[in-house]
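Below is one structure, written out as structure tokens; the observations come after it.
Here the structure is a predicted model, which is why all the values come from computation and not from measurement.
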Amino acid sequence: MTPEEIGARLTELVTGEASVSGGNDHARATVDVPAAGWAEAARVARDDAALACDFFDWLSAVDELDEGFAIVAHLWSTTHKHGVLLRTRVPRTEPVVDTVVPIFPGAAWHERETHEMFGVDFAGHADLRPLLLPPEFEGHPLRKEFVLAARVAKAWPGAKEPGESEAGTSKRAPMRPPGVPAPGEWGPA
């Protein structure tokens, strides 16, 4: 099946809108489903004989700011050798979607990580305890409004700034990473 046919088949079976992401050999059907139909779309993708997406690859979220969070899962058919990206959107104010763990048990870790990093709740998930961060950590570090600690907030721990001489008056010229041309050596004049 082509990515277009995969998307059409899934939208024929569930409410959604299909498109194709990527191109050439990397093209995948992308199907946007309503949040209320998220788990059912995953079940249909697995159980329909024409789709047979029996392998759960990964799940994560994308912070779309005012539009909420896009929850994305990649499913793969080991029989037909095709994949589908399943996507839904949940509001920022109440980011909740049904768990797909009863359908794909391998999704448990991914849902825990997405819950921890983005603050998205997965209704019906039995164990959304912290996975990667220490228990005292506050916030969700992959949300765009999460403020990362900067050197402005945390002073350099050494006695001198990097590149300062013993006298502390002269600084080393800034260095560019290898392969990065100097300003004026590339781009529009």
Side-chain angles (χ1 to χ4, degrees), residues 1-11 13-65 67-92 94-134 137 139-144 146 148:
M1 292 177 83
T2 66
E4 291 84 2
E5 292 169 334
I6 295 165
R9 176 69 180 160
L10 192 50
T11 56
L13 300 171
V14 297
T15 303
E17 184 177 321
S19 63
V20 176
S21 62
N24 302 326
D25 293 338
H26 304 289
R28 293 284 178 265
T30 302
V31 179
D32 292 300
V33 297
W38 173 250
E40 181 58 23
R43 183 180 317 284
V44 167
R46 182 193 69 184
D47 294 345
D48 180 67
L51 296 171
C53 292
D54 55 348
F55 179 75
F56 172 86
D57 192 7
W58 56 265
L59 177 145
S60 192
V62 178
D63 188 345
E64 301 286 355
L65 294 174
E67 297 174 28
F69 297 97
I71 311 301
V72 183
H74 184 241
L75 309 176
W76 182 257
S77 172
T78 57
T79 308
H80 302 304
K81 308 291 188 254
H82 63 236
V84 63
L85 283 170
L86 217 86
R87 187 169 56 189
T88 192
R89 190 172 306 279
V90 293
R92 186 169 213 80
E94 195 176 327
V96 179
V97 69
D98 288 338
T99 184
V100 294
V101 171
I103 303 156
F104 294 107
W109 188 94
H110 298 264
E111 288 183 357
R112 283 178 63 191
E113 180 189 36
T114 302
H115 170 73
E116 185 174 25
M117 296 295 164
F118 291 95
V120 174
D121 287 326
F122 291 89
H125 193 290
D127 186 19
L128 287 177
R129 64 189 158 90
L131 180 69
L132 302 170
L133 300 172
F137 192 88
H140 305 287
L142 293 183
R143 284 188 172 205
K144 289 185 178 173
F146 187 82
L148 297 174

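Residues M117 and L132 have side chains in contact (heavy-atom distance under 4.5 Å, counting atoms from C-beta outward). L51 has its side chain out of reach of V84: every pair of non-hydrogen atoms, C-beta onward, lies at least 4.5 Å apart. Looking at heavy atoms from C-beta onward, I103 lies out of side-chain contact with D47 at the 4.5 angstrom threshold. Side-chain contact between F104 and R46: present, with at least one pair of heavy atoms (C-beta onward) separated by less than 4.5 Å. A 4.5 Å side-chain heavy-atom check between P95 and D121 finds every atom pair outside the cut-off. Using a 4.5 Å heavy-atom threshold, the side chains of W58 and H110 count as touching. Counting heavy atoms from C-beta outward, D48 and L13 have side chains that approach closer than 4.5 Å. By the 4.5 Å heavy-atom criterion applied to side chains, H140 and F146 are not counted as neighbours.
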**OP:** Start with the C-alpha distance between F122 and D98, add both sets of side-chain angles, then the distance that settles side-chain contact (heavy atoms from CB on, under 4.5 Å), and finish with yes or no.
**Re:** CA-CA 5 Å; F122 291 89; D98 288 338; over 6 Å; no

**OP:** Apply side-chain contact (heavy atoms from CB on, under 4.5 Å) to the pair R129 and R112, showing each step before the final yes or no.
**Re:** CA-CA 7 Å; R129 64 189 158 90; R112 283 178 63 191; 3.6 Å; yes

**OP:** Under the side-chain contact (heavy atoms from CB on, under 4.5 Å) rule, what do T99 and E111 come out as? Steps first, then yes or no, please.
**Re:** CA-CA 8 Å; T99 184; E111 288 183 357; 2.4 Å; yes

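Between the H125 side chain and the D127 main chain, a donor and an acceptor come within less than 3.5 Å of each other. One N or O on the side chain of S77 and one on the backbone of A52 form a donor-acceptor pair closer than 3.5 Å. Using modelled atom types, one side-chain atom of E116 and one backbone atom of L131 make a donor-acceptor pair closer than 3.5 Å. H82 contributes no side-chain N or O that, together with a main-chain N or O of R28, makes up a donor-acceptor pair within less than 3.5 Å.
Under the side chain to side chain contact (heavy atoms under 4.5 Å, CB included) test applied with F55, the options L75, T78, T79 reduce to a single match, T78. Under the side chain to side chain contact (heavy atoms under 4.5 Å, CB included) test applied with I71, the options V90, V62, V100 reduce to a single match, V90.
No close placement of the H74 and F56 rings is indicated, their centers lying 6.0 Å or farther apart.
Within a 6.0 Å radius of CD in E17, other residues, nucleotides and ligands contribute 12 heavy atoms or fewer.
For the pair A61 and T114, the tightest heavy-atom approach, listed with the atom from each and the gap, is CB-CG2, 3.7 Å. Closest non-hydrogen pair, V33 versus A41, comes out as CG1-CB, 3.8 Å. In this structure, V97 and A35 approach most closely via the heavy-atom pair CG2-O, 3.9 Å. Residues A29 and G7 share a closest heavy-atom pair of CB-N, 3.7 Å.
For the atom pair CZ of R89 and CH2 of W38, the computed distance is 12.0 Å after rounding to the nearest 0.5 Å. Atom-to-atom distance recorded for E67:CD and R92:CZ is 10.5 Å, nearest 0.5 angstrom. Expressed to the nearest 0.5 Å, how far CG of L142 lies from OG of S60 amounts to 7.0 Å. Note: L128 CG to H115 NE2 = 5.0 Å, rounded to the nearest 0.5 Å. Separating the CG atom in L59 from the CD atom in E113 is a distance of 9.5 Å, to the nearest 0.5 Å. For the atom pair CG of D32 and CG of L86, the computed distance is 8.5 Å after rounding to the nearest 0.5 Å.
At a threshold of 4.0 Å, the pair D63-R143 does not count as salt-bridged, since none of the basic side-chain nitrogens sits closer than that to a carboxylate oxygen.
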